[in-house]
Asker: 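Okay, handing you the structure first.
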Amino acid sequence: MADIIKLLPDHVANQIAAGEVVQRPASVVKELLENAIDAGATLVKLIVKDGGKALIQVVDNGLGMSETDARLSFERHATSKISSAQDLFNLQTKGFRGEALASIAAIAHVDMQTRVEGSEIGTHIKIEGSKIITQEAVATPKGTSISVKNLFFNIPARRNFLKSNQVELRHITDEFHRVALVHPNIEFHFYNNGSEIFNLPRAKHRQRISHVFGNKMTDRLVPVEEETEVVKISGFICKPEFAKKSRGEQFFFANSRFIKSPYLHHSVIAAFEGLIKKELYPGYFLYLEVDPSSIDINIHPTKTEVKFDDENTIYAILRSTIKHSLGQFNVAPALDFEHDPNLDTPYAYKEKGVVLPKVTVDTAFNPFQETAERKTSTSTYQKASAKGWENLFEGADASVNTEDFSSVEIESDDAVQGTFYSETESDAQAGMTFQLRRKFIVSTIKSGMLVIHQNRAHERVLFEKFLGEITVKEGVSQQLLFPLELSFSKQELIILKEIKESLNNVGFAFESLEQETVKVTGVPLIVSESGIGTVLDQLIANYKEGFEGNSISQAELLAKELAKNLAVKSGEVLDSESQLALVNDLFGCKEPSLSPFQKLTYTTISEGDIDKKFS
Ligand code: ADP
Ligand code: MG
């Protein structure tokens, strides 16, 4: 048989390599920004059009390149940053693989102008799909400007795979943040479709974080500082009360490089243990410095996954340093569970057993009485949700569809009811319910017993309510007497604008979304005034993550997020009225059996099942 193995031509090899280095416009942004920084720039401009699909341009005032270097820079494995394998163990630069420009040039139209100091004339190169189209002399400022146009022009499958411009812009913004946060001494400008969305002057670390994420950050940050032989740690953590339900403001940098480290993330979480609820994530901006020879950055082409020699030690040091900061800055005592109304309820009640009504023994016992008593001592947390419940109950009258309800008929046995309800509670005729472990609502039905998951059931109810409101635009808005001022980062504002119409439809009203400080003038009935900030924050964060996962409509995603945020949680006490309203509303839903996240909302236990237990 003839020999069949061939060496791939360079442009094919480059295209294959590009697949690893360039996943989307944001990858190009990362590589170009890193090159500008490696070139010693003090001023970097990022210019993007149409989510980077039409144009990504990075202009720097760094070293620039000679005529020959400019051409060579597009060759694969062409780098000025290392010359021997030994150099890999002492990396001071971000790049070193010499692959980025070659990869980018293989799959886009690239235009580069560059000039080194001391040379009067610069050089201008055009490359399309790895082919040099022209190279000529040009008058250009010192430094380098690279434009990347029509990304993936020759790989239609990849181009089609790209998400909407907004989603791609968000990925780009994430990369921009990662670079800007670790180089506060470099001035950055970021333009999108002609307007400047970030203008970051040279600053200290703390100011840079505020410039990027908004002024609200200034009061939230607690400094972290430690120097040991293994690692030097500096940076900030966010106070525990600002922990969020979704990830987003968590940044690790190792030797000035953004890294992802689930292991070290865990150590931060461990330091916050007991201060924040399990499902919340603390914000942090942590800069680690280690001996370059003790870190392996070579694991992944995008270089965000690294390996530390002494990972366990770093874990332990990081955790104790953060704990120390939390204590030193008096953050922890303020969060004593006794005093924080937002935190005490779920914890205080979590482990307590259920008090089952002893109906047959004690005829005077009234389980609803007990809940009522507890309610008097409830925190604002519960009051807020109770308010929501009243609204829910009001709205319920019109919307309950008794026909749908018939599938799970609530038993109305007068004799039993007499035991539970006084005359005044006659609105509860539809049935009787009680709450089990502050998590389930239990009622009897003809065939046996009905157990409803309160959180999921309410998510279903709210989901259908919001979805309806978003699509028919009829959400009821509660006007705020005094507009609430909230501050958002630029990126958050972009998302807010994106979902503004849907938010208006469910009852949110904003005065203007042009400034970092946004005046909220109206909110949906179910949102309590004190909860507005949290709801919007979480909505934005979750929306950002969720919208990329799948292509469901904006309305559906938003309805889901609102439902998730506002639904009554496990651990919350519901009075009998609210319990009943929930049961009624659930069975008035189009799809009562599943939560919007496809989880069972209720189950039934038949008389037969119970009989079996006694056999
Ligand atoms: P790497 O950064 O891994 O060395 P790249 O493909 O990103 O590989 O860049 C190749 C080379 O081109 C770099 O090593 C550097 O010498 C040069 N280069 C790239 N971008 C710039 C820039 N903005 N300013 C000066 N030199 C640059
Ligand atoms: Mg590079």
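In this text the structure is predicted, and so the values were computed from the model without any measurement. Because only heavy atoms are used, hydrogens play no part in the values below, and waters and symmetry mates are left out as well, while side chains stay in. For ligands, and for the atoms within them, numbers begin at 1 and follow the listed sequence. If you read the sequence from its start, that first residue is 1, and numbering goes on from there.
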Asker: Out of Ser66, Ala39, Gly40, who gets a non-hydrogen atom closest to atom 25 (C) of ligand 1?
Answerer: Ala39
Asker: Taking the six-membered ring where the residue is Trp, are the ring centres of Tyr284 and Phe251 under 6.0 Å apart?
Answerer: no
Asker: Under a 4.0 Å threshold between the charged nitrogen and the carboxylate oxygen, would Lys216 count as salt-bridged to Glu492?
Answerer: yes
Asker: Please check this pair: side chain of Arg208 against backbone of His183, looking for a donor-acceptor N/O pair closer than 3.5 Å.
Answerer: yes
Asker: Do any nitrogen or oxygen atoms of Ser80 lie less than 3.5 angstrom from nitrogen or oxygen atoms of ligand 1?
Answerer: yes
Asker: Taking a cutoff of less than 4.0 Å between a non-hydrogen atom of the residue and any ligand atom, is Glu31 in contact with ligand 1?
Answerer: no
Asker: In terms of heavy-atom contacts, does NZ of Lys490 have more than 12 from other residues, nucleotides or ligands at under 6.0 Å?
Answerer: yes
Asker: Would one find an N, O or S atom of Thr79, in either backbone or side chain, under 2.8 Å from the Mg ion (ligand 2)?
Answerer: no
Asker: Mark up the atoms of ligand 1 that fall under 4.0 Å of a heavy atom belonging to Ala100, in ascending order.
Answerer: 6 (O), 7 (O)
Asker: Quick one: does Gly64 get an N or O within less than 3.5 Å of an N or O on ligand 1?
Answerer: no
Asker: Pick, from Leu32, Leu63, Asp38, Asn35, the option with the minimum heavy-atom distance to atom 9 (O) of ligand 1.
Answerer: Asn35
Asker: Strictly below 4.0 Å, N to O, side chains only: are Lys307 and Glu311 in salt-bridge contact?
Answerer: no
Asker: Using a 4.0 Å heavy-atom cut-off, which part of Thr144 comes near ligand 1: side chain, backbone, both, or neither?
Answerer: side chain
Asker: Provide the number and element of each atom of ligand 1 under 4.0 Å from a heavy atom of Thr79.
Answerer: 1 (P), 4 (O), 14 (O)
Asker: Do the charged groups of Glu514 and Lys497 touch, with an N to O distance under 4.0 Å?
Answerer: yes
Asker: Below 3.5 angstrom, do we get any N/O pair linking Gly98 and ligand 1?
Answerer: yes
Asker: With heavy atoms only and a cut-off of under 4.0 Å, state how Asp60 meets ligand 1: side chain, backbone, both or neither.
Answerer: side chain
Asker: Between the side chains of Lys53 and Glu168, is the shortest nitrogen-to-carboxylate-oxygen separation below 4.0 Å, so that they form an ion pair?
Answerer: no
Asker: Is the shortest side-chain N to carboxylate O distance from Lys149 to Glu128 below 4.0 Å?
Answerer: no
